[in-house]
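The next block holds one structure in the form of structure tokens; read it before the comments.
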Amino acid sequence: MLFNSYVFIFLFFPLALLGYYSIKHRTAQLVFLFATSCVFYIYWSAAYILLMLFTVALDFYVAKFIDLSSDQKQRKALLIFSILVNLVILFFFKYFYFMLDSAASVFNVFGGHLQRPNWEIILPIGISFYTFQSMSYVIDVYRRHSSAHGNLLDFATYVTFFPHQISGPLVRHNQIVPQLEKKQLFNPERFWSGLNLFVLGLSKKMLIADRIAPVVDSLILNPGSMQFAEAWIAAVGYTVQIYFDFSGYSDMAVGLGRMMNIEFPWNFNSPYKSKSITDFWKRWHISLSSWLKDYLYVSLGGNRKGELSTYVNLFLTMLIGGLWHGANWTFVVWGMYHGGLLVIERFLKKKNIQINSTVLTFFLVVIGWVFFRANNISDAFLWIKALFSFAEPGAFVMDFRAGYKDQLSIALSLGLLIAFFMKNTSEIKFPTTWKRVLVLAILFVICLSFMSDDSPFLYFQF
Amino acid sequence: MYKKSIISFLCLSGLMLLLFAAFNYHNDPFCFFKCENFSAQSSTANYYLYPAQYVLKNPDAEVIILGSSRGENVPEKWIDEKTGLKTINLSTPGADVVLKTTLLNFAKAHLKNLKLVIWQVDYFELTRQTTSEKVLYAEPYFKYQPFRSNQISYQFKKMKALIDHKTFEAILKYKKGTKPDIAFKLFKSTDSYEKCLNFSFEKADHEALKANEEVFKKHLIKSLQGLDKRFMPRQDAQYVDIFKREIKKLEEANIPVVILALPYHKIFWERFKRDNSQFIPQYEEWLQMIENLKSEKVQFSNYNWDFPEDNQSEFYWDDANHLQCNFYIYALEKHLLKAVNK
């Protein structure tokens, strides 16, 4: 079920709110919230809900045993067990065919042949997110950063809570569970703020990201025939599209949570205003980058084992972060690209050379997105080649449908203006003026009118 | 204060939505709601209704051509001359089996004497990729559609059009006098036929073709964009059944059918077989399904992979996906004569 769908806006969410605030007893409220979140997931797949619940139950009880145990070896064994099971499940559903096809390519080079089994493996929606969330809880308990939660219902509701279930933010248990432990009453001020965030997020997705998507998609179909100008339109277009799609989703998730009195952390902080790649990763998909830092980079050794080791750990963290996004070498290259840039910046910083340029950072980020979006590595390189082919004949020819040209120009201009010059959503105030109400209502109705167009969120595929 | 703003927002949004829906309902550009008196002269922005109007304008037509954009260049005038039967080309860009069947049923109901059907087939017409709401919910087509969905769900889905931006945009464009995005050129096949008649491959135009070779090649390559995606989805079992059923019904009604499978340019097949060969079997399965429908009354003009006279030039090709009328003349001649017993 998408947030930007009639069934969610007119049926699911109103009923969820009604039930949530009608129930006065805390435990019953939590049961209702958990059941609602399960229904939200079941709308996509009834079978795979069991997989998510298995992950929840596994990590809850493993963490409990870790917390109760005083034997360090036993604690470590339980941690490894939890991580292994979680990663095996994730790897099977997300990376099995990718690994197999990659191995087959290697076999082919040596004249061998690897038979691909004919299984239909469907990627369970949200698996990357809920697996990481659940694992982080076990790791926190192992590190003694947190005690194990006493109540399975609290923990299960935290993992499955529908606003962040499918595409984050990757919230930590100690941010959410304490909020769930309190009975939630309707708070008009928070509800109004959440409503504004939801409509703003919806507008970002439907009125900017989705207006750019058809042009980018059509240009990328055949990267070999892209001209210079088209390549840049596609690259910058995708840069704006992915930001507004994902930050729009995150705003909606934060808004939905706030309407239910649950506060989620912000996931974006005007990332295209960054002055360096290091800065970029403090502003882009903040919940993921902080997860990677706390649970992967630190576990690898962080910066505690010398400069060279720090570079390696940084690079590996970003490589794995890239792979997390999807089963394709393009994501690995994207991760390595950013890892390399972070290493270079760190090295330069040691030499007292500071990168401090929004334009350069934006340019580097745009190049990175080419790998992220391209269907395969060779398409990515064809696209990159087109980005620098300004001397070719027809370099400035842009050939796309007339109707698309108008909507692209408006959406792209607006998107760049907002990304570079306007406040981040977290900085916006929501006054209760008639002007605000009118603007919000107009935006909402316009978004509703675009809702019949097919537009899943980009990060659903991760 | 906040409660007041929330309630005001809900009321204002509701009111705006209602007004928007009312405006769209009143204008009904796609003929979803207020089309009881649909005729050849009705004004509509729903270009999928134009073939139906073409039928209504020509009740004495005896041959109909059902196709997608790939069938638009089938020359009515030539078929007319060859068979002595009045021909109308109902081909529409993106037409799938739902639209073709609906048009077929519409034609059967409104033509005095349908004598021959030319059905230009595409793989994608049986995959649900191009089924349009403008066909499914158009009131004039309702009783001619090949299947009926649940009434409540059908009405609910139709209601979405009342708050859809596409409905509103169509009203604005239509009021400005702008044609719909995909202009349905009912006279396109006549234009194309005249162009074919004037095209002399043996004479000076042969030189012009050669000079134009590089330009045409670039044009061909550009037209390959996204084409392979049409072959990737599996065909829908319900759609396959609809197609088979309609061919059978024509056979039983003693109306000859010429099913025409068109080639794609060599440049496309080379690339497709290299990059996407795993989709070839399902494509061949589709062709075999059509082969199995052949009978006394049902002919299959299968040029799917190639044809012997192909010189890969503009003589036969409009782009990698669309053909000039010279091809249809080549592909249809003997089938037409057999179909009308000449």
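Residue numbers start from 1 in every chain, and the chains themselves are labelled A, B, ... in the order their sequence lines are given, proteins ahead of strands.
- Judged by distance alone, the side chain of B/Asn27 and the main-chain N or O of B/Phe23 form a donor-acceptor pair under 3.5 Å.
- When only modelled atom types and interatomic distance are considered, B/Asp122 and B/Ser68 share a side-chain donor-acceptor pair under 3.5 Å.
- With a 4.5 Å cut-off on non-hydrogen atoms, B/Phe20 touches chain A through its side chain but not through its backbone.
- With a 4.5 angstrom heavy-atom cutoff, A/Ile442 touches chain B via backbone and side-chain atoms both.
- Residues A/Ala234 and A/Ile220 share a closest heavy-atom pair of CB-CG1, 4.4 Å.
- The closest donor-acceptor contact from the side chain of B/Gln155 to the backbone of B/Ile152 lies at 3.5 Å or more, if one exists at all.
- Proximity to chain B among residues 192-200 of chain A is limited to A/Trp192, A/Leu195, A/Val199, judged by heavy-atom separations below 4.5 angstrom.
- Separation of the A/Phe13 and A/Phe3 ring centroids does not fall under the 6.0 Å cut-off.
- A cation-pi geometry, defined here as NZ or CZ lying under 6.0 Å from the six-membered ring centre and within 45° of its normal, holds between B/Lys34 and B/Tyr25.
- Between the side chain of B/Ser91 and the backbone N or O of B/Gly71, at least one donor-acceptor pair lies under 3.5 Å.
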